[in-house]
Amino acid sequence: MKIDYREYSPNQRIAIIAASELVGYKSCFVGIGIPSDAACLAKLSVEPELNLIYESGAIGALPLSKSYSTGSPSIAHGADMITDSLSVFSDLQAGRIDVGLLSAAQIDKFGNLNSTVIGDYDEPKIRMVGSGGAHDIACLIPNLIVLMPHDPRRFVDTVDFATSPGSGRDIKKIRDQLNLPEGPSILITDKAKFIMSDEGWLLHSILDSFTFAEATEGLPWSLKPPISCPIETDPAIISALAQINY
Amino acid sequence: MIDKTSTVQDAIKNNVNAGDNIFIGGFGHLIPFYLSHELIRQKIQDLTICRSGADILFDQLIASEIVKKVIFGYVGNPTVGLSHSFSRAYKKKSIEIEEWTNQSIIMRLHAARMGVSFIPSKILQIGDKPSNIRHLKQVTCPYTDHKFSAIPALKPDIALIHAQSADKYGNIQMWGIDGDTVEGALASDKIIVSVEKIISNSKIKEAPEKTVIPSHRVSNIIELPWGAYPSYVSGFYSRDDDHYIEYDTTSRDEDKLSSYLKNWVHDARNIQEYKKLIGSTKIKELEEGLCGVKNED
């Protein structure tokens, strides 16, 4: 079956691509929004073993109605366990949670994420919400996938404030010295998948139905053609989309 | 045993002083709106407010100009957008901030709860956050030589929290999402709790495992049904997402926000007035909404 991915909204496409990346993992630290949607989608289709873990303390959750907060009734309802935040952050720090999904207002070529300020820290153009658990996840999770809508304003050479640390040659060296995992390794937009290298993001593959020009339009990084064939996803993921279509 | 039930007015007046550092409970769930609004009604000044992830209650306290300093991991209106009063105050420099992360705030509270001055952690050693936090220090493990950040204890003067039920002595029973609520309460010198329902001590003893804070730590108990609205209470009522969405529009405009605060805070002189504002249609809708197994006590 040939899937026309243009029929789906940008956020749905991110969730579709991200769901495929979660195959093989048992536990996933998720935040609200696209990360939560992607993890739910994977759980409902290609990775039923995946336990969704929210910083509010909900484990084995599967929110099937829209959740505004990580502590929302839809997160608590249907969870297998509710513990406190200290426990889930302790599990995270101990390396007991396999994979994490993060999004942010800004991302740079080394995967540093900004959710603190746009502009100068003391005189910002926009004062945002701050780290929440994002910095903690970016420091500690063994496998980190970043999900970003393809909005060129949000892709920069260097973030205004590195709330959540990235990766690449120099940052990885510091991470090694501190015994921290390697940081963001995959970036998913609504048109493509990127992987981290010593020199920053490389274009890995483009979602079938989109072109190289579309997948890189407005991105400030110098990107070569993809190193892998177009992304096609398991039809089971597409079928499960209806269940998280709130 | 001492009867610790109180009115909301007396509980705040007798326990909170200008300049206090106040932990405010509630992680999406069990946010003590009505209890904390009393700080505004009594105009208690120069407060420091702290917690990990804060939503629109912090926005309201900041907008009311009683806050001197905010210690936080996140301040916003989850999924909906920014905390506009926080942003305005930050840009005007009318508040001081101490900006951490959710994990580090919880570890800071945990250190205070454990009675130690810091806890080592792997976070806050990389990126722009460590240099942004004044006085943050690194330590070397005496056993492994590994480097850790030294997350300092945060010991609030008082905690304001909301829970499902308590007896009149102050044994607090809470279930559902906790987040950092119990941690923050037990880290604090004094604890004031509003509950949906005051129950008997024999009822408490039927399920002591539900008790999360023992009576000897609690200063006052106030029965405030619907006191966590527009957040929710497992077993009682669901979250009013629409209220949060509308608050985004309201709080963008300072005049609109003043009339909101007049209605929902200053003029809501008792919890019955607050319930009237919510309205019977909304109350019915939220009681029937998603909030776990209904409380039968």
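We name chains A, B, ... by the order of the sequence lines, and we start the count at 1 in each one.
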Just by distance, with hydrogens left out, do Glu55(A) and Tyr74(B) show a side-chain donor and acceptor under 3.5 Å apart?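 The answer is no; no qualifying pair exists.
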Ignoring hydrogens and angles, state whether a donor on the side chain of Thr101(B) or Asp136(A) is under 3.5 Å from an acceptor on the partner side chain.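 Yes, Asp136(A) and Thr101(B) have a side-chain donor paired with an acceptor closer than 3.5 Å.
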Quick check for you: to the nearest 0.5 Å, what is the distance between Ile82(A) atom CD1 and Ile177(B) atom CD1?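 These two atoms lie 4.5 Å from each other.
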Nearest non-hydrogen partners of [X] and [Y], listed with the distance:
| X | Y | value |
| --- | --- | --- |
| Lys91(B) | Pro124(A) | CE-O, 3.5 Å |
| Leu82(B) | Arg127(A) | CD1-O, 3.6 Å |
| Ser85(A) | Ile106(B) | CB-CD1, 3.4 Å |
| Ser238(B) | Pro73(A) | OG-CG, 3.6 Å |
| Ser131(A) | Lys129(B) | CB-CD, 4.0 Å |

Got a donor-acceptor contact below 3.5 angstrom from the Lys122(B) side chain to the Gln93(A) backbone?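 Pair found, side chain donor or acceptor close to backbone of Gln93(A).
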His110(B) side chain vs Leu86(A) backbone, donor-acceptor pair below 3.5 Å: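 Not a single qualifying donor-acceptor pair exists.
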Interchain contact, [X] with chain B, by part (heavy-atom threshold 4.5 Å):
| X | answer |
| --- | --- |
| Tyr54(A) | neither |
| Ser87(A) | neither |
| Leu92(A) | side chain |

Side chain / backbone / both / neither for Ser87(B) at chain A, heavy atoms under 4.5 Å: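 Both backbone and side chain.
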Interchain contact, Phe72(B) with chain A, by part (heavy-atom threshold 4.5 Å):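 Side chain only.
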Among Val159(A), Ile75(A), Thr83(A), Asp122(A), which residue forms the greatest number of heavy-atom pairs with chain B at distances under 4.5 Å?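 Option with the greatest count: Asp122(A).
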